[in-house]
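The structure displayed is predicted, hence computed values, not measured ones. Numbers for residues simply follow the sequence, beginning at 1.
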Amino acid sequence: MKQHTQSQLLIWQPLRRADCSACILHKEAKTVCNLGDGPVPCDGAVLGEAPGFNEDQHGIPFCGKTGVFLRRMLKDIGLDPRKLFFFNTVACRPPANRQPKAKEIKACSPFLFAQLERVKPKAVLVLGNAALRAVTGKKGAITKAEGSIVRKDGVAYVPCRHPSSVVRLENEDSYLFVLQTFKENLVIFRNILYPKKDRLYAVPEDAQERLPKC
């Protein structure tokens with residue numbers, strides 16, 4: 001199982017609060033204040049919603065089945081996951097993997113933006129409704145915002161449906177369409193980081209740079 005490197009521990013130890021009680025999520029979490037993983041600083045970051053079971057057990061974001069799928073998709077479109085920073089909107093696992101609530105997102109936002117300040121990414125792949133709300137301050141469906149680019153404080157945020165929602169459809173008729181849409185969002189993210197890289201998938205040329213209408 002992947003573990004934080006010594007240099008990562010030195011970066012995050014001053015920020016991490018293992019005794020955090022800012023919201024109720026700490027009560028059932030095995031790993032309290034589960035911070036990000038990846039090179040610091042780096043150009044690209046991936047923001048999820050919350051730690052799942054495996055992430056809570058091991059203290060590493062995106063280390064479970066969904067994380068394996070996401071990393072494979074990133075490789076497929078020409079990005080090296082080892083060069084990206086992975087973190088979550090809230091740093092403790094919600095009970096039964098439910099979505100984080102607004103007050104939990106607000107309570108954890110200092111940790112989210114403190115990590116962003118240290119990582120200094122050019123672009124952030126924003127996975128899911130909770131992550132979108134955290135970075136835009138607006139409530140809305142990620143499926144309505146995907147295909148856009150949200151620019152804020154010098155950072156490009158790329159809304160994208162969460163990979164877990166893609167994995168769940170693997171045996172459904174809609175899977176190939178959803179998978180293609182998911183990859184198109186990844187390519188938008190990749191093309192911000194590497195504008196001259198050969199395009200492997202067709203991406204709408206009019207991907208709008210706007211705030212989502214939430």
For [Y], does its backbone N or O pair with a side-chain atom of [X] as donor and acceptor, under 3.5 Å?
| X | Y | result |
| --- | --- | --- |
| E49 | A130 | yes |
| K152 | V135 | yes |
| S164 | T66 | no |
| R71 | D80 | no |
| H58 | I60 | no |

Are the side chains of [X] and [Y] in touch, meaning some heavy atoms are under 4.5 Å apart?
| X | Y | result |
| --- | --- | --- |
| K103 | C23 | no |
| C20 | H26 | no |
| K30 | Q57 | yes |
| L179 | M73 | yes |
| V119 | C42 | yes |

Does E184 form a salt bridge (charged side-chain N to carboxylate O under 4.0 Å, His left out) with R190? I'd like the steps, not just the answer. CA-CA 10 Å; E184 287 175 358; R190 186 204 67 190; over 6 Å; no

Give, for atom [atom1] of [X] and atom [atom2] of [Y], the distance between the pair rounded to the nearest 0.5 Å.
| X | Y | atom1 | atom2 | value |
| --- | --- | --- | --- | --- |
| C33 | L25 | SG | CG | 11.5 Å |
| N129 | Q99 | CG | CD | 5.0 Å |
| F182 | E146 | CZ | CD | 10.0 Å |
| F189 | L79 | CZ | CG | 6.5 Å |
| C160 | L127 | SG | CG | 5.5 Å |
| D153 | E117 | CG | CD | 11.0 Å |

Using every non-hydrogen atom in the two residues, find where [X] and [Y] come nearest and quote the distance to one decimal.
| X | Y | result |
| --- | --- | --- |
| C92 | V32 | SG-CA, 3.7 Å |
| T31 | R16 | CG2-NH2, 3.8 Å |
| V155 | P121 | CG2-O, 3.7 Å |
| P61 | L35 | CD-O, 3.6 Å |
| C63 | E55 | N-OE2, 3.1 Å |
| A50 | P100 | CB-CG, 4.0 Å |

For a side chain to side chain contact (heavy atoms under 4.5 Å, CB included) check, start with the C-alpha distance between Q115 and F85, then their side-chain angles and the critical distance, and finish with the verdict. CA-CA 10 Å; Q115 291 178 89; F85 181 81; 3.7 Å; yes

Under the criterion side chain to side chain contact (heavy atoms under 4.5 Å, CB included), I'd like the reasoning laid out for I192 against I149: C-alpha separation, chi angles, the key distance, then a yes or no. CA-CA 10 Å; I192 296 172; I149 301 170; 4.0 Å; yes

For Y175 and F177: C-alpha separation, side-chain torsions, deciding distance, then whether ring-ring contact (aromatic ring centres under 6.0 Å, His included) applies. CA-CA 6 Å; Y175 176 68; F177 173 78; over 10 Å; no

Side chain to side chain contact (heavy atoms under 4.5 Å, CB included) between R161 and V178, worked out: CA-CA 9 Å; R161 64 189 66 199; V178 171; 3.4 Å; yes

Between [X] and [Y], is there a shared hydrophobic cluster once you connect ILVMFWY residues whose side-chain heavy atoms come closer than 4.5 Å?
| X | Y | value |
| --- | --- | --- |
| F62 | V158 | yes |
| I105 | L112 | no |
| I77 | V166 | yes |
| F87 | F53 | no |
| L15 | V90 | no |

Which ILVMFWY residues are connected to V68, directly or by a chain of links, through side-chain heavy atoms under 4.5 Å apart? none

For I24, the other hydrophobic cluster members (4.5 Å side-chain criterion, sorted by chain and number) are none

Tell me whether R82 at atom CZ has more than 12 heavy atoms from other residues, nucleotides or ligands lying less than 6.0 Å away. no

Is the closest side-chain donor-acceptor distance between N97 and R93 under 3.5 Å? yes

Reference residue L84; test side chain to side chain contact (heavy atoms under 4.5 Å, CB included); the match among L70, D43, V124, L193: L193

Decide yes or no on salt bridge (charged side-chain N to carboxylate O under 4.0 Å, His left out) for K183 and D76, but give the supporting numbers first. CA-CA 9 Å; K183 284 189 174 183; D76 282 353; 3.8 Å; yes

When you look at K65 and V167, which way does the side chain to side chain contact (heavy atoms under 4.5 Å, CB included) test go after all the steps? CA-CA 9 Å; K65 179 180 178 180; V167 172; 3.9 Å; yes

